[in-house]
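One structure is given here, and the rest of the page talks about it.
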Amino acid sequence: MTVRIIGTGSCLPAQVVTNDDLAQFVDTSDEWIKSRTGIRERRVAKEETTAGMCIEAAKKAMEEAGVSAEEIDLIIVGTITGDYVTPSTACQIQAGIHAVNATAFDISAACSGFLFALNTAHAFIQTGKYRTALILGAETLSRIVDWKDRSTCVLFGDGAGAAVVRAEETGLIAYDQGSDGARGMCLACPGRENNNILVEGKKELGYVSMDGQEVYKFAVSTVPASIQKVLDEAGCSADDIKYFVLHQANLRILQSVSKRLHVPMERFPVAIDHYANISAGTVPILLDEMNRKGMLERGDKIILSGFGAGLTWGTALLEW
Ligand code: UT7
């Protein structure tokens with residue numbers, strides 16, 4: 001018994017922000033952003049919320065899966081930008097779709113959030129107590145980036161992606177996940193600091209900071225190794241995999257992984273050009289885009305891989 005993805009959905013903010021738009025606010029250029037990252041534009045939330053986008057994405061995934069809200073017994077959301085500290089985004093989704101029989105909680109694993117949600121759902125379903133799960137990766141990163149810091153604000157976007165997974169005989173074949181907390185501060189965003197009656201002075205909320213080159217080096221070494229691990233565990237070679245659906249942090253990272261695995265770039269779908277980096281949202285949004293374009297057929301083997309803050313990484317090999 002394993003889990004299979006039986007429906008996908010996504011929701012993006014309406015507002016497109018191009019590189020030229022950003023160049024009006026910070027000292028940057030379309031040329032720099034495109035050549036260093038592959039990003040042309042991103043979506044930025046104005047009225048949209050993390051939970052609101054999740055609810056829309058979830059409804060689409062449930063419609064494709066043909067699953068009712070009552071059938072969902074688990075909701076797991078990978079996010080670092082929920083609308084509330086509590087209730088969790090998952091509990092907000094539960095209320096929004098009336099999934100009255102579900103247990104709902106969030107996972108904080110940044111860009112690996114969707115993969116951690118998938119692997120956690122798999123583990124829960126393996127116990128036999130759960131059968132159908134709604135898993136999501138969603139962010140409103142525009143809230144936590146410093147819009148005056150050109151080294152980070154050009155990289156990120158907002159959006160939500162969802163999938164319904166169910167207990168089935170085929171689906172998730174192998175997975176690998178891990179963390180390296182010792183290197184965590186190379187991509188960080190502080191929470192609220194102590195600001196109580198004992199502390200003098202008002203504290204400002206901090207923003208995302210990143211040592212881009214450290215994270216880059218981590219990505220181009222850890223991701224191919226993690227992919228190789230799941231290939232070995234599944235007894236597959238890279239040739240057996242139709243698509244490598246990777247977290248979209250930088251086009252150059254995708255190109256480097258493609259080179260290291262000796263797999264042509266055509267098998268690495270790209271969304272970073274139009275959505276930028278949506279952390280936990282990137283993998284499920286790209287997967288939904290591929291699914292809706294008809295790129296995936298029953299029986300195809302694909303690899304999903306997320307990596308980033310924590311540091312964390314998660315990779316899954318699955319049969320569609
Ligand atoms: O999703 C989580 C995982 N995240 C990642 O995997 C991100 C990994 N890292 C990266 O993708 C890249 O390191 C970045 C895209 C973040 C940066 O690219 P880079 O080639 O490593 O550039 P850099 O940070 O070394 O900066 C090069 C230059 C610097 O100027 P000097 O010191 O050479 O004069 C920066 O100040 O580019 C400058 N710069 C910019 N210039 C124009 C930095 N940001 C900008 C900008 N526009 N937006």
Side-chain angles (χ1 to χ4, degrees), residues 50 76-82 88-90 105-124 133 135-141 144-145 152 155-163 165 172 174-191 206-231 233 244-250 253-254 256-257 260 271-272 276-287 303-318:
T50 302
I76 310 178
V77 184
T79 187
I80 54 166
T81 48
S88 66
T89 304
F105 59 92
D106 292 355
I107 285 182
S108 174
C111 310
S112 312
F114 182 75
L115 269 300
F116 277 34
L118 172 64
N119 296 336
T120 304
H122 175 246
F124 270 67
I135 55 170
L136 300 99
E139 305 290 0
T140 312
L141 294 171
I144 61 165
V145 297
T152 51
L155 304 174
F156 299 104
D158 302 331
V165 299
L172 183 63
Y175 73 84
D176 171 58
Q177 63 183 24
S179 315
D180 180 3
R183 287 197 282 170
M185 287 306 147
C186 66
L187 176 44
C189 180
Y207 293 105
V208 170
S209 64
M210 178 164 72
D211 180 339
Q213 293 189 1
E214 271 308 300
V215 183
Y216 190 96
K217 279 187 254 166
F218 151 75
V220 297
S221 60
T222 306
V223 176
S226 183
I227 290 175
Q228 194 56 54
K229 229 170 161 177
V230 297
L231 286 171
E233 191 182 317
F244 294 79
V245 185
L246 265 52
H247 172 53
Q248 308 278 300
N250 190 321
I253 294 177
L254 303 183
S256 167
V257 176
R260 282 183 193 220
I272 188 158
N277 177 350
I278 314 179
S279 192
T282 53
V283 170
I285 289 168
L286 176 54
L287 192 63
I303 278 184
L304 311 180
S305 187
F307 52 89
L311 300 172
T312 58
W313 60 94
T315 303
L317 191 160
L318 40 100

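Positions are given from 1 along the sequence.
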State the [atom1]-[atom2] distance between [X] and [Y], to the nearest 0.5 angstrom.
| X | Y | atom1 | atom2 | result |
| --- | --- | --- | --- | --- |
| L287 | L118 | CG | CG | 9.5 Å |
| L304 | L318 | CG | CG | 4.5 Å |
| F116 | I76 | CZ | CD1 | 12.5 Å |
| D158 | I278 | CG | CD1 | 7.0 Å |
| Y216 | N250 | OH | CG | 5.5 Å |
| Q228 | T315 | CD | OG1 | 11.5 Å |

Check whether any side-chain heavy atom of [X] sits under 4.5 Å from a side-chain heavy atom of [Y], and report yes or no.
| X | Y | value |
| --- | --- | --- |
| Q177 | L115 | no |
| C111 | T282 | no |
| I80 | L141 | yes |
| L254 | Q248 | yes |
| F218 | L187 | no |

For the pair H122 and Y175, name the ring-plane relationship: parallel under 30°, tilted 30 to 60°, perpendicular over 60°.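 H122 and Y175: perpendicular rings.
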query: Where do L172 and N119 land on the side chain to side chain contact (heavy atoms under 4.5 Å, CB included) test, with the steps shown first?
result: CA-CA 9 Å; L172 183 63; N119 296 336; 4.2 Å; yes
Nearest heavy-atom pair of [X] and [Y]: which atoms, and what distance?
| X | Y | answer |
| --- | --- | --- |
| E139 | T50 | C-OG1, 4.2 Å |
| A133 | A121 | CB-CB, 4.0 Å |
| A280 | G78 | CB-O, 3.3 Å |
| C186 | V215 | O-CG2, 3.7 Å |
| A110 | A309 | CB-CB, 3.6 Å |
| L136 | A162 | CD2-CB, 3.5 Å |

The test is side chain to side chain donor-acceptor pair (under 3.5 Å); show your working for S226 and D176 and say whether it passes. CA-CA 6 Å; S226 183; D176 171 58; 2.6 Å; yes
Any side-chain to backbone donor/acceptor pair from [X] onto [Y]? Under 3.5 Å, distance only.
| X | Y | answer |
| --- | --- | --- |
| D106 | T89 | yes |
| T312 | A109 | yes |
| N277 | F156 | no |

Step by step, would you call I135 with F114 a side chain to side chain contact (heavy atoms under 4.5 Å, CB included)?
CA-CA 7 Å; I135 55 170; F114 182 75; 3.7 Å; yes
Is there a side chain to side chain contact (heavy atoms under 4.5 Å, CB included) between I227 and L246? Walk through the geometry before answering. CA-CA 10 Å; I227 290 175; L246 265 52; 4.1 Å; yes
Ring center gap for F105 and F124 short of 6.0 angstrom: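 For F105 and F124, the ring centres are under 6.0 Å apart.
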What do the steps show when you test T222 against F307 for side chain to side chain contact (heavy atoms under 4.5 Å, CB included), and what is the final call? CA-CA 8 Å; T222 306; F307 52 89; over 6 Å; no
